[in-house]
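A short worksheet on the structure shown next.
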Amino acid sequence: MKSNMNHAERWFAPSEAANSVQATLEENTFKLISMRQRAVHNVGYVWEETRDLQERQGVQTVARCAHLLEMQAAIAIGCSTLFVIPGQQPFMNAERQRLVREVLVSGTVTERCAALHKLVPFMTAEYEQLLMTAGEHSGIHMYVMLADAPLIEMLPALSDLEQRMEVLQRLAAETDDSYEQQRLHQQWLKLKQCKQWLHNVFPEPMNISGVVPEWIDMQAEALFRAEKRAHDRGRDVRISVLLPFAGGEWKQHAQLVRTAAEQIRCHDVKRDLPLVGVWLHSGISQDENSGLLRDMTEADVVWVCSEQVNYG
């Protein structure tokens with residue numbers, strides 16, 4: 001893991017921010033998080049949440065925002081480091097929900113990738129709006145959690161799934177084309193899996209990215225396309241991606257983010273900032289002897305906070 005790369009950001013005491021943010025919080029529910037740097041033997045530096053408001057040296061105050069209005073409110077009180085979690089908000093209109101469901105019920109990889117491709121322009125526009133807003137101000141650094149949503153809330157209704165399954169069975173019985181029968185059977189199996197997801201109670205909240213392998217790739221492509229658009233329009237955009245820790249999956253996700261950045265970023269985008277990091281819940285053991293932190297060598301930055309990431 002690389003050492004601290006945030007030396008150019010504006011720093012101020014959490015107590016100063018708390019005094020000026022009181023009225024703003026009543027209308028915009030962004031949250032201030034105070035982070036301090038801790039050196040971990042054989043690992044590097046880890047940023048962890050601190051609740052000691054008297055501690056000033058080496059403490060970075062971050063505004064956690066869920067949407068554009070919260071970003072604007074945070075910037076208005078002087079926050080220069082934003083942690084943005086779009087969550088499921090970009091998928092709340094009917095057309096985008098339809099496209100997400102098309103992704104989830106696709107029977108083949110080819111069909112799923114085609115459905116994901118339809119979402120790229122929508123997500124690019126969402127990210128571009130956020131980046132253009134931040135880029136109106138100098139020195140703003142955005143840590144972005146790629147948009148995701150609880151799987152259970154994006155699946156089609158049970159009655160819809162059962163109706164589709166009946167139609168597929170009837171179509172398969174009516175055709176003599178073996179290739180078409182196989183395609184319809186694959187589609188039926190995917191709908192059956194979606195039906196099982198609706199009935200199952202997962203031990204941990206399951207998001208779309210947990211069941212759609214290409215989801216992070218699509219989101220990263222949209223984010224870096226938005227960054228390029230904002231940069232081309234003269235905005236000073238500074239972004240890093242934070243990925244929630246999810247067992248061994250986060251390494252694969254980090255590589256997808258790096259690949260998307262290499263393919264899309266223009267040559268003059270600032271490279272002195274962390275590209276991709278990992279968000280750890282403080283309930284997960286960070287004992288350096290446990291091996292977990294030593295497994296974070298792929299991350300440019302590690303954040304440890306007391307709250308779970310909520311995409312709802």
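Note: hydrogens, waters and symmetry copies are ignored here, and every other heavy atom, side chains too, is used.
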Completion exercise
When every non-hydrogen atom of Ala149 is compared with those of Met154, the smallest separation belongs to CB-CG, 3.9 Å

Exercise for the section: Just do the side chain to side chain contact (heavy atoms under 4.5 Å, CB included) check on Arg164 and Val167 with the steps written out, would you? Expected result: CA-CA 5 Å; Arg164 292 191 194 189; Val167 170; 5.6 Å; no

Exercise for the section: May I ask you to decide whether Glu102 forms a salt bridge with Lys118, counting only side-chain N to carboxylate O separations under 4.0 Å? Expected result: yes

Exercise for the section: Decide yes or no on side chain to side chain contact (heavy atoms under 4.5 Å, CB included) for Leu161 and Leu198, but give the supporting numbers first. Expected result: CA-CA 10 Å; Leu161 289 172; Leu198 280 174; 3.5 Å; yes

Exercise for the section: Would you indicate whether the side-chain heavy atoms of Leu189 and Gln186 approach each other to under 4.5 Å? Expected result: no

Completion exercise
In terms of heavy-atom contacts, Ala230 and Leu131 come closest through CB-CB, 4.3 Å

Handout entry: Pairwise side-chain contact, Glu166 with Trp188, heavy-atom cut-off 4.5 Å (strictly under)
Key = no

Handout entry: Sub-4.5 Å side-chain heavy-atom contact between Trp279 and Met145
Key = yes

Practice task
Drop me the distance from His199's NE2 to Ile152's CD1, to the nearest 0.5 angstrom.
Solution key: 9.5 Å

Problem - Hydrophobic cluster identity match, Met132 and Leu130, side-chain contacts under 4.5 Å - result: no

Exercise for the section: Kindly give the heavy-atom pair with the smallest separation between His137 and Thr133, and that separation in Å. Expected result: CD2-O, 3.5 Å

Handout entry: Check: Gln187 side chain, Val105 main-chain N or O, donor-acceptor pair, under 3.5 Å
Key = yes

Exercise for the section: Check the pair Glu162, Lys195 against side chain to side chain contact (heavy atoms under 4.5 Å, CB included), reporting the backbone distance first and the verdict last. Expected result: CA-CA 8 Å; Glu162 291 177 340; Lys195 186 177 176 180; 3.4 Å; yes

Practice task
Kindly indicate whether the side chain of Val257, heavy atoms from C-beta on, has any atom under 4.5 Å from the side chain of Phe224.
Solution key: yes

Exercise for the section: State, yes or no, whether a side-chain contact exists between Val84 and Tyr143 at a heavy-atom distance under 4.5 Å. Expected result: no

Practice task
Measure the shortest side-chain to side-chain distance between Glu48 and Met35 over non-hydrogen atoms and say whether it is less than 4.5 angstrom.
Solution key: no

Practice task
May I ask you to say whether Arg235 pairs ionically with Glu227, meaning some side-chain N is under 4.0 Å from a carboxylate O?
Solution key: no

Problem - Aromatic contact, Phe83 with Trp47 (centres under 6.0 Å) - result: no

Exercise for the section: Please answer whether the main-chain N or O of Asp148 pairs with a side-chain N or O of Asn207 as donor and acceptor at a distance below 3.5 Å. Expected result: no

Completion exercise
Separation between NE2 (His117) and CE (Met218), nearest 0.5 Å, reads 11.5 Å

Exercise for the section: Any chance you could lay out the side chain to side chain donor-acceptor pair (under 3.5 Å) test for Glu49 and Ser34, step after step, and finish with the verdict? Expected result: CA-CA 6 Å; Glu49 183 178 357; Ser34 299; over 6 Å; no

Handout entry: Rounded distance (nearest 0.5 Å) linking atom CZ of Phe245 with atom CH2 of Trp250
Key = 8.5 Å

Problem - Within 6.0 Å of CD in Gln163, more than 12 heavy atoms from elsewhere - result: no

Exercise for the section: Taking atom NE2 of His185 as the centre, report whether more than 12 heavy atoms of other residues, nucleotides or ligands fall under 6.0 Å from it. Expected result: no

Practice task
Using the salt bridge (Lys or Arg N to Asp or Glu O under 4.0 Å) rule, take Glu126 and Arg96 through it: C-alpha gap first, then chi angles, then the decisive distance, then the call.
Solution key: CA-CA 12 Å; Glu126 288 285 342; Arg96 296 183 193 181; 2.4 Å; yes

Practice task
Verify whether one side chain among Gln219 and Tyr127 offers a donor that lies under 3.5 Å from an acceptor in the other.
Solution key: yes

Practice task
Could you state whether Leu191 and Val211 fall into the same hydrophobic cluster, counting links through intermediate Ile, Leu, Val, Met, Phe, Trp or Tyr residues with side-chain heavy atoms under 4.5 angstrom apart?
Solution key: yes

Exercise for the section: Mark yes or no for whether Glu70, through its side chain, and Ala66, through its backbone, hold a donor-acceptor pair below 3.5 Å. Expected result: yes

Exercise for the section: For the residue pair His141 and Ser240, confirm or rule out a side-chain donor-acceptor distance under 3.5 Å. Expected result: yes

Completion exercise
Shortest non-hydrogen pair, Ala74 vs Cys65, comes out as CB-SG, 4.1 Å

Completion exercise
Separation between CG (Leu32) and SG (Cys79), nearest 0.5 Å, reads 5.0 Å

Practice task
Mind checking the CZ-CG spacing from Arg101 to Asp160? Nearest 0.5 Å is all I need.
Solution key: 8.0 Å

Exercise for the section: Say whether Thr175 and Gln181, considering side chains only, have a donor N or O and an acceptor N or O under 3.5 Å apart. Expected result: no

Practice task
Look up atom CZ in Phe122 and atom CG in Asn93, then write down how far apart they are to the nearest 0.5 Å.
Solution key: 7.5 Å

Exercise for the section: Locate the shortest heavy-atom distance separating Ala299 from Val278; write the atom from each residue and the value. Expected result: CB-CG1, 4.1 Å

Practice task
Considering non-hydrogen atoms only, spot the tightest contact between Arg238 and Gly139 and give its length.
Solution key: NH1-O, 3.3 Å

Practice task
Output yes when a side-chain donor or acceptor of Trp303 lies under 3.5 Å from a complementary backbone atom of Leu242, and no otherwise.
Solution key: no

Exercise for the section: With salt bridge (Lys or Arg N to Asp or Glu O under 4.0 Å) as the test, would you mind laying out the steps for Lys190 and Glu111 before giving the verdict? Expected result: CA-CA 12 Å; Lys190 174 54 70 173; Glu111 291 174 350; over 6 Å; no

Handout entry: Whether Asp300 side chain and Leu275 backbone form a donor-acceptor pair below 3.5 Å
Key = yes

Practice task
Inspect the contact between Arg258 and Glu262 and indicate whether a charged nitrogen and a carboxylate oxygen are less than 4.0 angstrom apart.
Solution key: no

Exercise for the section: Mind running side chain to side chain contact (heavy atoms under 4.5 Å, CB included) on Leu280 and Val302 for me, showing each step along the way? Expected result: CA-CA 7 Å; Leu280 275 174; Val302 174; 4.0 Å; yes

Practice task
Compare all side-chain heavy atoms of Leu146 with those of Leu223 and state whether any distance is below 4.5 angstrom.
Solution key: yes

Problem - Non-hydrogen side-chain atoms of Leu256 and Trp215 separated by less than 4.5 Å - result: no

